[in-house]
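Notes to accompany the following structure.
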Amino acid sequence: MAKITASVYTSHVPAIGAALDLGKDKEPYWQPVFAGYDFSKQWIKEEKPDVIFLVYNDHATAFSLDLIPTFAIGTGAQYAPADEGWGPRPVPTVQGHPELAAHIAQSVIQDDFDLTIVNRMDVDHGLTVPLSLMFGNPPQSHFEWPCSVIPFAVNVVQYPVPSGKRCFELGKAIRKAINSFDQDLNVQIWGTGGMSHQLQGARAGLINSDWDNRFLDRLISDPAGLAEVPHIEYVREAGSEGIELVMWLIARGAMEDVAGGKPAKPVHRFFHVPASNTAVGHLILENQS
Amino acid sequence: MAKITASVYTSHVPAIGAALDLGKDKEPYWQPVFAGYDFSKQWIKEEKPDVIFLVYNDHATAFSLDLIPTFAIGTGAQYAPADEGWGPRPVPTVQGHPELAAHIAQSVIQDDFDLTIVNRMDVDHGLTVPLSLMFGNPPQSHFEWPCSVIPFAVNVVQYPVPSGKRCFELGKAIRKAINSFDQDLNVQIWGTGGMSHQLQGARAGLINSDWDNRFLDRLISDPAGLAEVPHIEYVREAGSEGIELVMWLIARGAMEDVAGGKPAKPVHRFFHVPASNTAVGHLILENQS
Amino acid sequence: MGLEKPYTDVPGTIIFDAEQSRKGYWLNQFCMSLLKAENRARFLANERAYLDEWAMSEEQKDAVMARDLNWCMRTGGNIYFLAKIGATDGRSFQQMAGSMTGMTEEEYRNMMVGGGRSVEGNRYIGEDGDAQEHHQPQGQAGRTARGEA
Amino acid sequence: MGLEKPYTDVPGTIIFDAEQSRKGYWLNQFCMSLLKAENRARFLANERAYLDEWAMSEEQKDAVMARDLNWCMRTGGNIYFLAKIGATDGRSFQQMAGSMTGMTEEEYRNMMVGGGRSVEGNRYIGEDGDAQEHHQPQGQAGRTARGEA
Ligand SMILES: [Fe+3]
Ligand SMILES: [Fe+3]
């Protein structure tokens, strides 16, 4: 049977991708950011996931105003890195997992989550930057990501975005779906975006480290309570783009402890300000069997 | 305040549109079909709805396999009749109601229905045939539909489609949303598709009048019970395309009696076999204030 | 796979689920292209060349060229997509649906006017209704071929 | 309208809701077109001509030509869409965000390196934080203009 072994949380700041792609990761500005992922790179090399269920948001790339899905699951075979205006990132095409994705879609739709099924889309920095952070950029000699990825896009661009509660409940349904897939697969679920940041107006550059760290604390020890936080608190305290953090609750809702299992075990936690306009947060939780 | 005054249920067989567009509606084959809507045409002339919230399904027209929303709400200003392969139907462009549609989207998403918001799409026979049946095709001298329409597309093409229960609950949320819109609007909600039909394989042409009529009976008097019927019963008893009938439960769930109001009043009921491959069912229920 | 399928015991019926959808992806996307008049014209002008523009299997191409909708469906086609081929040929939904039964157009039309196909014997595979495998193809031609009447 | 908006009391912040989305529809769709390299080139070659291909308001076109992102946002733009204009100009997200504050690039970058903008005084309109209306534009140029220092 497939099994979620761990959840990974990380910001997905586009400038991090640019820094890595341009070879700036050793510069004093960027070095402390990437250093926060040194443990994670080693950890994931040992964990060897088969599939990553990657929760992210599209930043007006695959989805224009013509069509805005609240939740979209990628059931396609592959996804190309998108041109976001600077040209596509020089990273490998993302290989999907159509069978598991279709299984999850079926299960979760039957659990009353009204997913949009997507078979063709390009993926932007929201999805590729976390892969770069956790795996490093693959060398030209072996130009591929080490595992399959199921993209799961959440609308956090046009209001209303889904509530934290809805996201948390969705995570529970995803866990149930993955656990009922009858192939042996080591699956990780990642929640990306955030932490505090605001990219607009006179309040651009807002950072709220206290709030972010409380968010990390509660994500570990009180996720159900954290899921009750209304949107307006994210906006007010963590900046208008801090709302991306609701996506972390999807990954958190998929952990075993939420369904009565043993507590999720934090194996790594990292926080740094700034990366470009944003506070970088990162957390790894393992399921204890 | 906006208010749902009535719900209308009808099949949306493409051949009905073709018959009307080609002036065949007085032919012996078609005359009884259109006669079943004589009352309805008169009724709606007196009812004068401002907006129709029209639940239908796209038949591989606006949505390909690239992207399949479970529920999609049209918040755009207008929608052109689609070319489904025979050229577009010669009927007017559909005028939307962006303000009310956006209000409903906001309210219903906050009630945990994960809608996809659509601002640009063409609408196929699933949406235009019901308009033709209820209003007749508008004359060239006054080539427009008499009111605004909010298209609401439901995936019934690729499994899993939403359950009857989910549809019924969605109807309740739509009612709540419409009732909280602070403009005086006479709103009708229509459920379309069905009744029994199968368009594929050796079982093509299946009709189950008994099941259809029981469906109509229960839709009137026991909608909550009807909403519990599983997909497989629709397929087995009403044909593979009979599954479209789950959409009627969205409209039914939006009636006042479901929320504790007075019983919905049936003012017209019609059933006829066949129109092309399909059993035609039609029902009008009024809210009693 | 793990996908539960409570709908495989209905005779003469293929439910279009994720698996069918994956199998039929390019066939169905080819069909979608026929929503544009210029593509319909190009397809009709040279079917084989047009089909070769799509990543379809050879079998899917053959099934389309043969206008065998049952065959198309077995290779992952969905009727709402396949209908675009019929539309391109100027055929109605009734002609398309009828073509899958083996009946002549008139036989199928008469069945519909007579109230349609009965569900009796056609709910589960293994009953004796007219949609069951051993009664295919339907219509006089099929009966004659089977030496029934 | 009936849309509840619990988010209008945050200083220097426009939440991109259905109303903004409607207002900014063509502006944002123009931005989406810049995801294609050939469109970026065409836009840069003749901005006015390219903008005239879109059903944008004159004000929206002026705001784009002025590269005034705050102005673009007031006319319905969303930052994720508007970022495509900055990308076309070869600017980073930090340059774009900073441009909305009135600070120089260096001032904004230093603010971020120093831990970013504090939330204190910037939670509600009417407090005294640096994002409040009476402190705009920010940075030395703004302070000088207001005769503050
Ligand atoms: Fe983001
Ligand atoms: Fe239909």
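Naming convention: chains lettered A, B, ... in sequence-line order (proteins, then strands); numbering from 1 in each chain.
Between S163(A) and D112(B), the shortest heavy-atom distance links the atoms OG-OD1, 4.0 Å. When all heavy atoms are compared, the tightest approach of Q106(A) to P160(B) is CA-CG, 3.4 Å.
Between chain B and the options L67(A), N155(A), I109(A), heavy-atom pairs under 4.5 Å are most frequent for L67(A). Ranking V118(B), N119(B), D66(B) against chain A, the residue ahead of the rest is D66(B), based on heavy-atom pairs under 4.5 Å.
Residue-environment remark: NZ (K176(A)) stays at or below the threshold of 12 foreign heavy atoms within 6.0 Å. Atom CZ of R120(A) is surrounded by 12 or fewer heavy atoms from other residues, nucleotides or ligands within 6.0 Å. For K165(B), the NZ atom is loosely surrounded, since the number of other residues' heavy atoms within 6.0 Å does not exceed 12.
Residue contact with chain B, scored on non-hydrogen atoms closer than 4.5 Å, is absent for E169(A). Residue contact with chain B, scored on non-hydrogen atoms closer than 4.5 Å, is absent for Y159(A).
Of the possible polar contacts, one joining the T70(B) side chain to the L115(A) backbone as a donor-acceptor pair under 3.5 Å is found.
Side-chain contact between R166(B) and D114(A): present, with at least one pair of heavy atoms (C-beta onward) separated by less than 4.5 Å.
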